[in-house]
There are 2 protein chains.
Amino acid sequence: MQQPVTDAPEDEPQTGDADAVLRELLGYHIKRAQSAIQADLNAALKPLDLRMLTFSALAVVASSPGLRQAQLADALSIERPNLVVILDELERRGLILRDRVPTDRRAYALKATLEGRRLFEAAQAAVRAHEAALFTGISPEDQVRLREMMQRIWRAGEGARE
Amino acid sequence: MQQPVTDAPEDEPQTGDADAVLRELLGYHIKRAQSAIQADLNAALKPLDLRMLTFSALAVVASSPGLRQAQLADALSIERPNLVVILDELERRGLILRDRVPTDRRAYALKATLEGRRLFEAAQAAVRAHEAALFTGISPEDQVRLREMMQRIWRAGEGARE
DNA sequence: TATTGTTATACTCTATAACTATA
DNA sequence: TATAGTTATAGAGTATAACAATA
């Protein structure tokens, strides 16, 4: 069962094989897939003038009204300062409101406007279509396995960070 | 078998549930896992003064000597201009060389120095340890499945980009 | 004293146009 | 003309320190 490995000389590496060292790493494949997902998601959100981050923020605010910015930043796994510009943009576009919390005048209670909720609904449909398209090749059972594996990796990373 | 779902009132969302909308998306879990992987990988490479990108570039150059910059950029899936600073850094540190190609004086043939190959070996060991640590919770068979799924997603993204 | 949101800042990664020197 | 590497530049995401207002 001898396989003719390749015709090319060893010292002239083929372009398509140059990433062979990297392809041995699981993280390489996960990164490539994640890049593809992000690109496709942003393309799907572009007609709505949203990006992954602005969509995520709008989605969380729309479905969990009353959150404070610190809580939202936590839910999005981003730092508080980085959330400010995102909310500035969503607020400027009339998609969310920063309501003062009466009991704690330092904080804002975030909520989506009617327009924000409508845009969220449209965006969610676009995102679901995007996921359906990108994950067609993966059976529902495998998608469940995949989600579990991703959660395990994330938890392992959490553990390593302490 | 009734489960007491939660004690909290509905209109005061719990912090831990704020990302419920996002957790329905497979892409959300993949992104979180990828972030964890990148953070852990960079932490593993930090003692060697490498990052994911500089490691990847060094790895490809070390194992495929003679590549041109355009080919390397292609292997790394980055744009040619963005590769320049990375190679500048690796060259300045004496890890790689840019050798003129005699037959095409526009191009450089990239190769790792002895020191570059040594650092690559050390880095590869660190990266393997990092992957072993992060992926302990995933059986070898599942890791194979995972890789296949990532490749499928990436190809679906490629198809969507045309 | 501690916390909320904010400003300022910096670093990394990414993407595009335009230049130079060669081909 | 076209290509290889480069420069300049801009956008997006991420991270930290420090501030004013409030608790």
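Letters go in sequence order (proteins before strands), and every chain restarts at 1.
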Taking atom CZ of R118(A) as the centre, report whether more than 12 heavy atoms of other residues, nucleotides or ligands fall under 6.0 Å from it. no
Once you round it to whole Å, what is the distance between P of dG5(D) and CD1 of I78(B)? 12 Å
Expressed as a whole number of angstroms, how long is the span from D88(B):CG to dA8(D):C1'? 14 Å
Using a strict 4.0 Å threshold on nitrogen-to-oxygen distance, state whether E141(A) and R145(A) make a salt bridge. no
Please pick, from dG13(D), dA4(D), dT4(C), the nucleotide with the shortest atom-to-atom distance to any side-chain atom of R106(A). dT4(C)
Kindly check if the number of other-residue, nucleotide or ligand heavy atoms within 6.0 Å of CZ (R100(B)) is above 12? yes
Look at all strands and tell whether Q69(B) reaches a base, only sugar-phosphate, or nothing, counting heavy atoms closer than 4.0 Å. sugar-phosphate
For a quick test of reading the model: is some side-chain N or O of Q38(A) closer than 4.0 Å to OP1 or OP2 of dG13(D)? no
Listed nucleotide nearest any side-chain atom of P81(B), set dA8(D), dT4(C), dG5(D): dA8(D)
Rounded distance (Å) that lies between atom C1' of dT14(C) and atom CG of L76(B): 14 Å
I86(A) CD1 - dG11(D) C1' separation (whole Å): 14 Å
If you assign K31(A) and N82(A) each to the DNA chain C nucleotide with the nearest heavy atom, which residue ends up on the more 5' nucleotide? N82(A)
Let me check something: any side-chain donor-acceptor pairs from residues 123-138 of chain A under 3.5 Å, sequence neighbours excluded? List them with distances.
from	atom 1	to	atom 2	distance (Å)
H130(A)	ND1	D40(A)	OD2	2.6
E131(A)	OE1	L26(B)	N	3.1
E131(A)	OE2	L26(B)	N	3.4
E131(A)	OE2	G27(B)	N	2.8
T136(A)	OG1	A133(A)	O	2.8

For the residue pair L97(A) and T113(A), establish whether any side-chain heavy-atom pair is separated by less than 4.5 Å. yes
Check every strand shown and say whether L53(B) touches a base, only sugar-phosphate, or nothing at a heavy-atom separation below 4.0 Å. sugar-phosphate
Between the base of dT22(D) and the side chain of R105(A), is there a donor and acceptor pair under 3.5 angstrom? no
Between V85(A) and D104(A), which residue's closest nucleotide on DNA chain D lies nearer the 5′ terminus? V85(A)
Earlier contact from the 5' end, DNA chain D, for R100(A) and M52(A): M52(A)
Roughly how many Å is it from CZ in R98(B) to P in dG5(D), rounded to a whole number? 9 Å
Quickly work out the L83(B) CG to dG5(D) P distance and round it to whole Å. 9 Å
Within this structure, what is the CG-to-P distance between D74(B) and dT3(D), rounded to whole angstrom? 14 Å
Under-4.0 Å side-chain N/O to phosphate OP1/OP2 contact, R80(B) with dA17(C): no
Just the rounded figure in Å: distance from P of dA15(D) to CZ of R51(B). 15 Å
